[in-house]
A.B. asks: 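The structure follows.
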Amino acid sequence: MANLEVRDLSPVFGAEVSGLEPKIPLEEATLQQLRKLFDERKLLVFRDVEIDRDFQYYLSYAIIGREEPKQDPSVPKRESFISNKEENGIAPFGRLLWHSDMMWTAEACELLSLYGKDVGQPTTPTMFISSAQAWKTLPQGLRARVENLTAEHVHDLSYERSGGDETVLTAKFDDDDCTQLPLARRHPRTGETLLYVCQQMTSGITGLSKEESDSLLEELFQHLYATENILQHDWLKGDLVMWDNLALQHARGNVEAEGPPRTLRKTFAPMPAFLKTRQPQFARAMN
Ligand SMILES: [Fe+2]
């Protein structure tokens, strides 16, 4: 069994893990330890590791106890990059508002990971908050008001929610998928309750007028995104960050297209079916 050392990154969530030797497969005892840690801490950081796309995908699936889908060997393996330099980079510039990826589909993407392939300094950090902790600490009165409600999530409300910040990036899709989910959403693996609304994608609360819904969402956002709840990850080349995409939300400050390289290889587990065929167009929110 690997000799893993673990250091908590905040009192509530996040842990830095050292001592992992990347190989496929990992020993079962190591995987058990990582799975337990992932469900407890929800975000794991491995620093200064050299890994390829295959290991990143393998670990992304293994850590949530799923089999990686078999891939046709005649089809080239695809890599996705959050990047201001790679051709077809995802979110190539701009600021991203708080969200969980693909909140607008009921098809849960349970784990996201990013690996620092090429990171120049200074670079823009990624920030995280815990929707699980936000539910636990939600004031009783507010909790009673929302626990039986559902909320609607759409692709991207960055334009509307940018607060006039022209650096905010918006993603345009060629369809208008949306979904309604319980505002107190149960985590499919851990059973924890999550305060499941976000700044970037939650369009409204079912059954309330727009005015009531906007006002209630604003109260919930103030609780979710309070400065003291934020964990910041400062990127270095060779960092691997894996997080629970349902229990945590993420955001980032502005990335300049002309700034230092910021190329982070991204994995989704399980991979949402739509990503194989569709990619959004990215633009400044005020364009
Ligand atoms: Fe994201």
Side-chain angles (χ1 to χ4, degrees), residues 13-14 42-45 56-57 60 64 78-84 86 88-117 119 123-132 134 153-159 161-162 165 167-173 177-179 181 185 194 196-203 221 224-225 230-235 239-255 262-276 278-285:
F13 70 98
K42 303 176 181 15
L43 176 142
L44 303 183
V45 175
Q56 193 176 345
Y57 265 99
S60 297
I64 53 169
R78 203 171 133 226
E79 293 188 88
S80 299
F81 294 104
I82 304 290
S83 179
N84 59 351
E86 287 276 327
N88 300 321
I90 305 168
F93 52 82
R95 178 162 84 92
L96 294 172
L97 302 182
W98 289 106
H99 65 285
S100 290
D101 274 25
M102 286 155 293
M103 215 165 174
W104 43 267
T105 118
E107 187 188 3
C109 175
E110 295 180 34
L111 181 147
L112 297 177
S113 80
L114 291 174
Y115 174 67
K117 185 173 178 248
V119 181
T123 197
T124 304
T126 303
M127 296 172 297
F128 300 89
I129 59 96
S130 168
S131 302
H153 312 289
V154 300
H155 277 147
D156 197 332
L157 293 164
S158 294
Y159 180 84
R161 299 259 165 82
S162 66
D165 178 351
T167 67
V168 170
L169 181 68
T170 189
K172 293 183 176 37
F173 290 77
D177 284 350
C178 67
T179 193
L181 291 165
R185 188 177 186 189
L194 313 171
Y196 207 67
V197 292
C198 84
Q199 188 185 27
Q200 192 189 62
M201 299 175 194
T202 304
S203 53
F221 292 160
L224 273 163
Y225 309 134
I230 297 172
L231 176 65
Q232 175 171 314
H233 180 74
D234 294 302
W235 286 100
D239 286 352
L240 172 63
V241 182
M242 319 191 90
W243 72 94
D244 185 321
N245 178 53
L246 301 176
L248 303 186
Q249 294 183 28
H250 57 287
R252 77 165 194 222
N254 187 32
V255 168
R262 189 180 187 279
T263 296
L264 310 173
R265 189 199 294 125
K266 183 168 187 177
T267 70
F268 307 82
M271 173 72 106
F274 88 95
L275 269 184
K276 292 174 187 147
R278 293 185 286 159
Q279 284 289 345
Q281 299 292 315
F282 295 100
R284 297 279 182 198

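Counting starts at 1 for both ligands and their atoms, following the listed order.
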A.B. asks: Please identify each residue that fulfils ring-ring contact (aromatic ring centres under 6.0 Å, His included) with Phe13, with sequence neighbours left out.
C.D. replies: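 Residues passing ring-ring contact (aromatic ring centres under 6.0 Å, His included) with Phe13: none at all.
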
A.B. asks: Could you label the plane-to-plane angle of the Phe128 and Trp243 rings as parallel, tilted or perpendicular, counting under 30° as parallel and over 60° as perpendicular?
C.D. replies: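 The arrangement is perpendicular - the two ring planes meet at more than 60°.
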
A.B. asks: Establish, from distance only, whether the side-chain atoms of Ser113 and Gln56 form a donor-acceptor pair under 3.5 Å.
C.D. replies: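 Present: a donor and an acceptor within the cut-off.
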
A.B. asks: Show the numbers, then the answer: is there a side chain to side chain contact (heavy atoms under 4.5 Å, CB included) between Asp234 and Gln232?
C.D. replies: CA-CA 6 Å; Asp234 294 302; Gln232 175 171 314; 2.9 Å; yes

A.B. asks: side-chain contact (heavy atoms from CB on, under 4.5 Å) with Ala134: which residues, sequence neighbours excluded?
C.D. replies: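 If we apply the side-chain contact (heavy atoms from CB on, under 4.5 Å) test to Ala134, skipping adjacent residues, the hits are Leu195, His223, Leu224.
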
A.B. asks: What pairs with Asp101 under side-chain contact (heavy atoms from CB on, under 4.5 Å), at least two apart in sequence or on another chain?
C.D. replies: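 Result, side-chain contact (heavy atoms from CB on, under 4.5 Å) vs Asp101: His99, Leu112, Asn245, His250, Lys266, Phe268.
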
A.B. asks: At distances under 2.8 Å, what protein N, O or S atoms surround the Fe ion (ligand 1)?
C.D. replies: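 Protein N, O or S atoms closer than 2.8 Å to the Fe ion (ligand 1): His99 NE2, Asp101 OD1, His250 NE2.
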
